[in-house]
Amino acid sequence: MSAPLLQVSGLSITADTAGGPYDAVRSVDFDLDRGRALAVVGESGSGKSLTALAIAGLLGEKLTPRGSVRFDGRELIGMGAADRRAMAGRRIGFVFQEPMSSLHPILTVGQQLEEGLRAHFDMNRRQRADRVRELLDIVGLGKARDIRGDRIGQLSGGMRQRVMIAMAISCEPELVIADEPTTALDVTLQRQVIDLLGSLRERLGLALMLITHDLGVVAETCDEAVVMYGGQVVESGPTATLLHDPAHDYTRALLMSIPVLGDDRPRLPTVASIAPWLRDARQDAADLRPVTELVTVAPGHRVRREAEGVAA
């Protein structure tokens, strides 16, 4: 059996804050095989995006990663800047949450799509132009009109996100990380973007890491899922197992909070805090943190539980 394309083991991220070091992400573990789709779900602030940024090598200077992130057998944590740029730009694509803050407002669509091609391929001007047209066709922007000369402000929200996806796949990556790619879109456009990512995964054979709040999207799109809470993985396993037979209280609470048509409950259940130490995760609250570990409860299904022999 071949090794996973992406192996994350013991990944922790410490933030340098005015109040001292803060462990924003702690001991995250998961694997992603070639051609498979993995969802990372959890509430805002659970560490999903930081985990994705650490994998892509895009953490800010006040954020320090530890642990191991191996991509196709190569360790990414501690890799030199030049090697990391070559890896992230060529073999790992990234779709950001908000295109308006991620794409350049002055450069044209064509110029931005050519940037990765210039950096990673020996192409002449005509070859780059042909590739840009091909990319726009792939993401469904090549038929109505030529938008290569347009700037981002001239495009709709859905078109901007498609341009972002085109940039992410421009260098034919093996892995695409999509960080809540439908956050700023209406329901119809959300469906179109998710369908596009799914079709690209099948067409190009790439692995997809999807960060999302939408468990419906997870059910339709992803083979496996990782549930994060308070900077840790609390449950991971096959998507069907997590959605139909969850083993952790937080996963159950997430599922119970989903509104259902015809539901006559006067109030929807809310996800109550199950970790009082989250109110202050610095050193003076360390004694409130339970000692936990990920335990295998079924093949491929792990859940975080209090470590045996440790008092609560």
Chemist: Between CG of Leu113 and CZ of Arg128, what distance do you get to the nearest 0.5 Å?
Modeler: 12.5 Å

Chemist: Do the non-hydrogen side-chain atoms of Met164 and Val95 ever get within less than 4.5 Å of each other?
Modeler: yes

Chemist: Among Asp150, Val139, Leu135, Ile147, exactly one meets side-chain contact (heavy atoms from CB on, under 4.5 Å) together with Val163. Which residue is that?
Modeler: Ile147

Chemist: Taking Gly230's backbone N and O only, do any of them form a donor-acceptor pair with Arg26's side chain (distance below 3.5 Å, no angle check)?
Modeler: yes

Chemist: Could you tell me if the side chain of Ile169 sits less than 4.5 Å from the side chain of Val176, heavy atoms only?
Modeler: yes

Chemist: Which heavy atom of Arg305 sits nearest to which heavy atom of Val295, and what is that distance?
Modeler: CB-CG2, 4.5 Å

Chemist: Could you tell me which non-hydrogen atom of Leu155 sits nearest to which non-hydrogen atom of Arg160, and how far apart they are?
Modeler: O-NH2, 2.9 Å

Chemist: Transitively linked via ILVMFWY side-chain contacts under 4.5 Å: Val297 with Val234?
Modeler: no

Chemist: Give the intermediate values and the outcome of side-chain contact (heavy atoms from CB on, under 4.5 Å) for residues Glu174 and Leu206.
Modeler: CA-CA 5 Å; Glu174 296 154 76; Leu206 51 82; 5.9 Å; no

Chemist: Answer with yes or no whether the side chains of Gln232 and Ser27 bring together a donor and an acceptor at under 3.5 Å.
Modeler: no

Chemist: Distance check, rounded to the nearest 0.5 Å: Leu50 atom CG versus Met228 atom CE?
Modeler: 8.5 Å

Chemist: Looking at Leu107, is its backbone amide N or carbonyl O close enough to the side chain of Gln112 to form a donor-acceptor pair, meaning the two atoms are under 3.5 Å apart?
Modeler: yes

Chemist: Check whether any side-chain heavy atom of Ile165 sits under 4.5 Å from a side-chain heavy atom of Leu196, and report yes or no.
Modeler: yes

Chemist: Salt-bridge test for Arg74 and Asp72: reply yes if a basic N is under 4.0 Å from a carboxylate O, no otherwise.
Modeler: no

Chemist: Is it true that, when you exclude Asp122 itself, more than 12 heavy atoms of the residues, nucleotides or ligands shown sit nearer than 6.0 Å to its CG?
Modeler: no

Chemist: Rounded to the nearest 0.5 Å, what separation is found between the CD atom of Glu172 and the NE2 atom of His120?
Modeler: 12.5 Å

Chemist: Can you tell me if Arg304 uses its side chain to pair, donor with acceptor, with the backbone of Val233 under 3.5 Å?
Modeler: yes

Chemist: Any non-hydrogen side-chain atom of Leu197 less than 4.5 Å from a side-chain atom of Thr221?
Modeler: no

Chemist: Are Leu204 and Val193 connected into the same hydrophobic cluster when the rule is that any two of I, L, V, M, F, W, Y join if their side-chain heavy atoms are below 4.5 Å apart?
Modeler: yes

Chemist: In plain terms, say whether Asp137 and Arg133 are close enough for a salt bridge, that is, a side-chain N and a carboxylate O under 4.0 Å apart.
Modeler: no

Chemist: For Met123, does the CE atom sit with more than 12 other heavy atoms under 6.0 Å from it, leaving out its own atoms?
Modeler: yes

Chemist: Does Gln127 use its side chain to pair, donor to acceptor, with the backbone of Asn124 at less than 3.5 Å?
Modeler: yes

Chemist: Any chance you could measure Glu114, atom CD, to Arg148, atom CZ, to the nearest 0.5 Å?
Modeler: 9.0 Å

Chemist: For Leu76, is there any backbone N or O sitting under 3.5 Å from a side-chain donor or acceptor partner on Arg84?
Modeler: yes

Chemist: So Phe94 and Met209, side-chain contact (heavy atoms from CB on, under 4.5 Å) or not? Walk me through it.
Modeler: CA-CA 10 Å; Phe94 204 104; Met209 178 177 166; over 6 Å; no

Chemist: Do Ile13 and Leu59 have side chains that approach each other closer than 4.5 Å (heavy atoms only, starting at C-beta)?
Modeler: yes

Chemist: Quick one: do the Ser170 and Arg131 side chains pair a donor with an acceptor below 3.5 Å?
Modeler: no

Chemist: Leu243 and Leu255: side-chain contact (heavy atoms from CB on, under 4.5 Å), yes or no, with the steps?
Modeler: CA-CA 7 Å; Leu243 296 181; Leu255 293 169; 3.7 Å; yes

Chemist: For the CG atom of Leu294 and the CZ atom of Phe30, what is their distance to the nearest 0.5 Å?
Modeler: 12.0 Å

Chemist: Will you find, in the side chains of His213 and Glu43, an N or O donor that is under 3.5 Å from an N or O acceptor?
Modeler: no

Chemist: Locate the shortest heavy-atom distance separating Pro65 from Leu11; write the atom from each residue and the value.
Modeler: CB-CD1, 4.3 Å

Chemist: Any sub-3.5 Å donor-acceptor pair from Lys48's side-chain atoms to Gly42's backbone N or O?
Modeler: yes

Chemist: Locate the shortest heavy-atom distance separating Arg91 from Pro173; write the atom from each residue and the value.
Modeler: O-CB, 3.4 Å

Chemist: What is the minimum heavy-atom distance between Leu242 and Ser236, and which atoms define it?
Modeler: CD1-C, 3.7 Å

Chemist: For a 4.5 angstrom cut-off between non-hydrogen side-chain atoms, does Val25 reach Ser12?
Modeler: no

Chemist: Establish whether Val227 and Val303 are linked, either directly or via other cluster members, by ILVMFWY side-chain heavy-atom contacts under 4.5 Å.
Modeler: no

Chemist: Mark yes or no for whether Asp29, through its side chain, and Gly10, through its backbone, hold a donor-acceptor pair below 3.5 Å.
Modeler: yes

Chemist: Does Thr108 offer a backbone N or O that forms a donor-acceptor pair with the side chain of Arg151 under 3.5 Å?
Modeler: no

Chemist: Would Glu235 and Arg252 pass as an ion pair if we require N to O under 4.0 Å?
Modeler: no

Chemist: Is any NZ, NE, NH1 or NH2 atom of the basic residue among Asp223 and Arg201 found under 4.0 Å from an Asp or Glu carboxylate oxygen of the other?
Modeler: yes

Chemist: Could you give the distance from CG (Leu38) to CG (Asp31), rounded to the nearest 0.5 Å?
Modeler: 9.5 Å

Chemist: Do Val132 and Phe121 belong to the same hydrophobic cluster, where Ile, Leu, Val, Met, Phe, Trp and Tyr are linked whenever their side-chain heavy atoms lie under 4.5 Å apart, directly or via other members?
Modeler: yes

Chemist: Does the side-chain contact (heavy atoms from CB on, under 4.5 Å) test come out yes or no for Met159 and Leu141, once each step is laid out?
Modeler: CA-CA 7 Å; Met159 294 173 75; Leu141 292 177; 3.9 Å; yes

Chemist: With the side chain counted from C-beta on, respond yes when Thr14 and Leu63 share a heavy-atom pair under 4.5 Å apart, and no when they do not.
Modeler: no

Chemist: Check for a donor-acceptor pair, side chain of Arg36 on one end and backbone N or O of Leu208 on the other, with a separation under 3.5 Å.
Modeler: no

Chemist: Hey, are the side chains of Val40 and Leu210 touching, using non-hydrogen atoms and a 4.5 Å cut-off?
Modeler: no

Chemist: Counting distance only, does the side-chain N/O of Thr239 pair as donor-acceptor with the main-chain N or O of Cys222 below 3.5 Å?
Modeler: yes

Chemist: Indicate, with yes or no, if Val218 and Tyr229 share a hydrophobic cluster defined by side-chain heavy-atom contacts under 4.5 Å among Ile, Leu, Val, Met, Phe, Trp and Tyr.
Modeler: yes

Chemist: For a quick test of reading the model, state the closest non-hydrogen atom pair linking Gly47 to Thr51 and the distance between them.
Modeler: O-OG1, 2.8 Å

